[in-house]
Structure formats: structure tokens, C-alpha cells
Amino acid sequence: EQKNLLKNEGIDIAILQFTRPIPDEIAQFAADLGAKVLIPHHMDLKKKPEEYESEVEVLCQAFEKKRPGGIAIRVQHGQWYDFNFGMSIR
């Protein structure tokens, strides 16, 4: 249902909660939105880094396969990130 609401919005970046152990579903959702970049987050709500890092890699690879040219950011626990994007008014 969310996918249908968002798929025509020109989503460039999908920041998606990754707390469910279904990487392929999350990757497909981001690809269906047409996202160019996937950033998974909140993996650490239920698991420790050593428990979820391999699942994040599976998610990232699945997204990059389903969305040719797409980029999945492999975030590291405890690391802060700055993202700077150009902006234009539609």
C-alpha cells in the first residue's frame, strides 16, 4: 500500500528501517519506489552489530541487483554520517 502511494513521487533516497529479517522484501520495496540510494537504519534496535552485519550486506546486494545503478550505503554501527545533497524546487 505504501509503495503505491510513493512510487510516482520520484524517490531518490530510501531510508528504510531494517528490523525485520527479510532483506529481499525491503530491497524490492526500495527498488519498486525507484530509489537510487538505499540507506538501511535501526538494525541495532533488536540485534548487535555482529548479528546483523551479514544481513545488511545481503540487503545491499539484493537492492543493487534489483536496481541496476542503485547504491546501497553499508552503514557502520557507531559511525556518524554527513550527507550533502543539491536541492531544487519542483
Side-chain angles (χ1 to χ4, degrees):
E1 187 177 325
Q2 292 175 341
K3 177 176 59 175
N4 292 329
L5 293 172
L6 297 170
K7 70 180 179 183
N8 295 319
E9 294 299 320
I11 304 295
D12 290 323
I13 302 168
I15 302 172
L16 298 176
Q17 184 170 323
F18 184 40
T19 54
R20 298 182 319 154
I22 310 170
D24 198 61
E25 279 184 22
I26 297 168
Q28 189 65 56
F29 179 74
D32 288 347
L33 291 178
K36 297 172 186 158
V37 177
L38 169 63
I39 304 171
H41 75 105
H42 283 323
M43 295 81 65
D44 58 348
L45 291 178
K46 296 181 179 181
K47 296 181 178 183
K48 295 177 182 175
E50 57 273 8
E51 296 173 319
Y52 65 72
E53 286 174 346
S54 63
E55 293 173 0
V56 169
E57 186 58 31
V58 170
L59 168 63
C60 291
Q61 288 180 13
F63 173 72
E64 291 169 344
K65 182 178 179 182
K66 294 172 184 302
R67 181 74 163 110
I71 299 168
I73 306 296
R74 290 150 171 88
V75 295
Q76 298 296 315
H77 180 74
Q79 178 68 46
W80 288 90
Y81 295 86
D82 291 321
F83 296 98
N84 298 298
F85 306 102
M87 186 176 97
S88 63
I89 298 173
R90 292 199 253 176

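Just the heavy atoms: all of them, side chains too, but no hydrogens, waters or symmetry mates, feed the values below. One is the number of the first residue; the rest follow in order along the sequence. The shown structure was predicted, so the numbers you read here are calculated from the model rather than taken from an experiment.
Ile26 is linked by a side chain to side chain contact (heavy atoms under 4.5 Å, CB included) to Leu16, Phe18, Leu59, counting only residues two or more places apart in sequence or in another chain. Among residues two or more places apart in sequence or in another chain, the side chain to side chain contact (heavy atoms under 4.5 Å, CB included) test is passed with Glu50 by Lys48. For the side-chain hydrogen bond (donor to acceptor under 3.5 Å, both in side chains) test, residues two or more places apart in sequence or in another chain that qualify with Gln17 are Thr19. Not counting sequence neighbours, the partners of Val58 by the side chain to side chain contact (heavy atoms under 4.5 Å, CB included) test are Pro23.
The shortest non-hydrogen separation linking Phe63 to Ala27 is N-CB, 3.5 Å.
The neighbour count for Ile71 CD1, taken as heavy atoms of other residues, nucleotides or ligands under 6.0 Å away, does not exceed 12.
The list of salt bridge (charged side-chain N to carboxylate O under 4.0 Å, His left out) pairs with a residue in residues 33-45, not counting sequence neighbours, reads Asp12-Lys36. Residues in residues 58-70 take part in these side-chain hydrogen bond (donor to acceptor under 3.5 Å, both in side chains) pairs, two or more places apart or across chains: Asp24-Lys66, Gln28-Lys66, Glu57-Gln61, Glu64-Arg74.
The line from CD1 of Ile15 to CD1 of Ile39 is 4.5 Å long, rounded to the nearest 0.5 Å. Interatomic distance, Met43 CE to Tyr52 OH, rounded to the nearest 0.5 Å: 5.0 Å.
Both Tyr81 and Leu38 belong to a common hydrophobic cluster when Ile, Leu, Val, Met, Phe, Trp and Tyr are linked at side-chain heavy-atom distances under 4.5 angstrom.
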